[in-house]
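The block underneath contains the structure these notes are about, expressed in structure tokens.
What you see below is based on every heavy atom in this structure, not just the backbone, and it leaves out hydrogens, waters and symmetry mates.
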Amino acid sequence: MALPKAYDPKACEDRIYALWESSGAFKADAKSTKESFTVSMPPPNATGQLHLGHAVMLALEDIFIRFNRMKGKEALWVPGTDHAAIATESVVIKNLQKEGMRDPRAQLGREKLVARIAEFVEKSRATIRGQIRKMGASCDWSRERYTMDPVLNRCVNEVFVQMYEDGLIYRGHRIVNWDPKMQTTVSDDEIEYREEKAPFYTFQYGPFQISTSRPETKFGDKYVVMHPDDDRYDKYKHGDTFVAEWINGPVTATVIKDKAIDMAFGTGVMTITPWHDPVDFEIAERHDLQKEQIIGFDGKLLSIAGEFEGLPIADARPKIVEKLKEKGLLVKTDENYVHRVAVSYRGKGVVEPQIKEQWFIDVNKPVVSWKRRKISLKQIMQETVRTKLIAIIPERFEKVYFNWVDNLRDWCVSRQIWWGHRVPVYYCSEGDAVQGEVRSDERSAMSGELKAQSSKLKAGRHAAMIVSVTPITQCPVCGGQVTQDPDTLDTWFSSGLWTWSTLVDPALADDTSLSLPDLLKSSPDFRKFHPTQVMETGYDIIFFWVARMILMTTYATGDIPFETVYLHGLIRTREGKKMSKSDPETMIDPLDIIPKYGADALRLSMIVGQSPGADARLYEEKIGGYRNFINKLWNASRFVLLQCEQAGADPQKIDNGQLIIDNCSLADRALLSALQQLIEDVTKGLDEYRLSDVGERLYSFVWDYFCDWYLELTKGEANIAVLVHTLRTILILLHPYCPFVTEELWGSVKPAGAGMLIKEPWPEAQKKLRDEEVEAQLQIVIQTVKEIRALRVAQNVEAQVKVHIIIDVDYPEVAEILRLQEAHVLRLARLSSLEVNVGIPAGPGFRHGQAAIRILNGMEIHMPLAGLVDVEKERAAMAKEKEQLEQFIAAGEAKLANQDFVARAPEKVVLAEKEKLAQLKDKLAKVGERLKTL
RNA sequence: GGGCGGUUAGCUCAGUUGGUCAGAGCGGCUGGUUUACACCCAGUAGGUCACAGGUUCGACUCCUGUACCGCCCACCA
């Protein structure tokens, strides 16, 4: 079973993944009595390819999961994909248009288009599944979910109805961000701004001058607004009217005074367009002004524009300016004005504010039960994080989070696209809108006998709106036809339920007799695995998603969705730029990297040396560096196997019981001791989510300590039991980081009867193997050997020479190990023979604690042995430290003796001072000891 | 305008509660092919830790201010 000279990831990865999967190692058991550890995978958009962002996410989460699984927890990682409503619909429509379909929405109609999208999504999901596997993600595929699964739809409807009944969901005319391209609203958070240069016009409007970059919205303007404190316009009173000549003839305008106006900007006066501007809308609301629509939902001017009706904005603007200019109303034009255009994050279309009737979630209404009081959704989001029920890593993002939550406004959840969870609201044509609505809050309604609340009924007529968890086609009151609300819900509405809706038993989804709490109670997965332990995602969606999960989940289940939020940063190019598809030069595609360097190397390169929440730069050399590390590990293992072979030992037959300390050399004991420290550090670090630290620690242990130090030193005299034990431990500890190569190597060195590495229990540090003294002594030996070699080189001794070393009597172990390592020393220093004695080094200039090395052609050196340091220097340093410590202690005691300090300083500070003092004294004692031994 | 970060060796970045922290990787330079590994080994050079104050016996670490860089949010009629 000779291993090839270099590790070839291509040859193993897919095979190993298939083995893991078929072994059931990924599958969690809801009936297990073990403590659970759950991670919900942030569902990638089901629109196409995995990118580095996903790769980071997968690598991090896989480490969490594998580590905890090995530690003996019931680890569940739920994979899935997101329907990404707007993005997906947009992609499919674009594809259809490319195929020659002009207006897919109109030509196909709702049902057919939705079917086409579903088809596309299926293909895309298959691609993504394959890609997730390539990364080595050990997620439970048997529990894979999709945000559009029927069971998730059920959850969405349940939550919608519950919120509606709690009065949290309401419908209202509000100004929304309308994307004319996608024909839908987008939420505030999904808006991006793009800088654009546009002419900035100043027009004469009655006695005032007003400026705008958007003359096409100005047709209906009949209010001029100024700041109440603006002296320039003192003579105009709030409510004054005047007639102004305007685009299509004279209009009567009213003066409005409002503090929203910035006196310093432009002329300090503006006209408002409440229908198409959020600020104007608020002013209009405050003063109860009329609002008129100027631009249609198709982005074209309406009849109010007169002769310009039907023109798209871009065409109309210059013509309107021309007309105003002819009328002599154009005062000036600033061609260099830069303003920011709102663009949709998903569809990339320019956003036009519009007033529309939309569904909103009220974030300020105090209706959520929390610790015996009623608080609002906003307060839920604040409380859970403030009280540390949910911890955010890195901590500074808590500030960012609060800053956002504190300023949160009602959330518009309806979208006018077809792809997504449809709003579970129905309208009866026989109903009377004035009557309000019928609710489905009685479960009996599910059997088709939905009853309207009698209070909502008037003789003969009933309410028009019915909110129902299950689809209905007939009015439960009058039996008339109903039509469903055409809108769909914001993607984040369903994503907000992700941690728990994925754990609801799909088999129960059809049982409409169950309420949401029943549904949760009777789902084994939910009971076992929720709340989840950690939510790992990019910091860029902390608002979109993390905050909304906290909101939706705590509301719906009464419990938090996760205990810890771990945020990773963006992966950037070598130059620090964002990677983008439009710039393929800088793009790193994980699918190109994996065949070339291996998934393990890619994983390491994205985790080691990166801190959470910070952007990271990634480039091929970096990945290459970790590929080298993987190869180093591979070759170290090869070497271990070779040693076994030479010793005639079968590595698989070596069990840890053969590790008898008495048979170990100094070097062995030093290695075993360091290994215990490693286990401790790695375990603690991973428990605290310090993945980068731990990665570096492992890297350095394997490469510097195990390979370059121990293996080199013990060549020829290896203790097979120690070798195999150490390698096994290293493979276990490294497995979460680089699962493939470790699993592959495990096959050759695992103890008889052991299974796959993925199922191997995590080691515990053994105190009895710790021995720091031994580690220090071995250092001395190493240094001695190096000194000999340096001496030989410096003295330019060509031929092989004999060496006689006399080691100080106080360091007999050093002499012993030198003898043990004789072959190695000879080779390293190119000596023909080595004689080691213990004694008092003779000759002039020798001091206690030195070794005399005599090369048998007359040369001689003297070498310090005491921990590799010059005794005199060490003594001086210690003396100095002692003096300092005494000073500090004196200062500390003086401070504590100061009654003023003790009385006034907070108790905490005084305690800290005392503790510090104790530490200093402790240290002083140690220094004293050390001084004595010198 | 509001908020959050960064500034440490040529490059990319660590530095966990103030006292062996001045570090790692890459790159550079000098040697080297020895029972695995050239995807290697042994060495080596290098930084007033942006700047200025302050707290402290002691500051890369805490506080204040300045300069530059970056991100998020709001928003410019």
Test ring-ring contact (aromatic ring centres under 6.0 Å, His included) applied to A:F208 - qualifying residues, sequence neighbours left out: A:Y233, A:Y236, A:F242

With sequence neighbours left out, which residue pairs that include part of residues 603-612 of chain A fulfil the salt bridge (charged side-chain N to carboxylate O under 4.0 Å, His left out) condition? A:D62-A:R603

By salt bridge (Lys or Arg N to Asp or Glu O under 4.0 Å), A:K218 pairs with (sequence neighbours left out) A:D221

For A:S211, give me all partners under side chain to side chain donor-acceptor pair (under 3.5 Å), at least two apart in sequence or on another chain. A:T202

Results of ring-ring contact (aromatic ring centres under 6.0 Å, His included) for A:F701 - residues two or more places apart only: A:Y705

Mind listing the residues from residues 598-608 of chain A sitting with a heavy atom below 4.0 Å of RNA chain B? Number order is fine. none

Under the salt bridge (charged side-chain N to carboxylate O under 4.0 Å, His left out) definition, can you give me all pairs with a residue in residues 630-646 of chain A, not counting sequence neighbours? A:K632-A:D708

Residue pairs meeting salt bridge (charged side-chain N to carboxylate O under 4.0 Å, His left out), one or both in residues 622-631 of chain A, sequence neighbours left out, come to none

Results of side chain to side chain donor-acceptor pair (under 3.5 Å) for A:E216 - residues two or more places apart only: A:R214, A:R317

Could you tell me which residues satisfy ring-ring contact (aromatic ring centres under 6.0 Å, His included) with A:W246, sequence neighbours excluded, listed by chain and number? A:Y205

Output a table of nitrogen or oxygen pairs between the protein and nucleotides 2-8 of chain B separated by less than 3.5 Å.
from : atom 1 : to     : atom 2 : distance (Å)
B:G5 : OP1    : A:K399 : NZ     : 3.1

Toss me the dot-bracket line for RNA chain B: Watson-Crick and G-U wobble, both under 3.5 Å, 5' to 3', using | for pairs to another strand and [ ] for crossers. (((((((..((((.....[...)))).(((((.......))))).....(((((..]....))))))))))))....

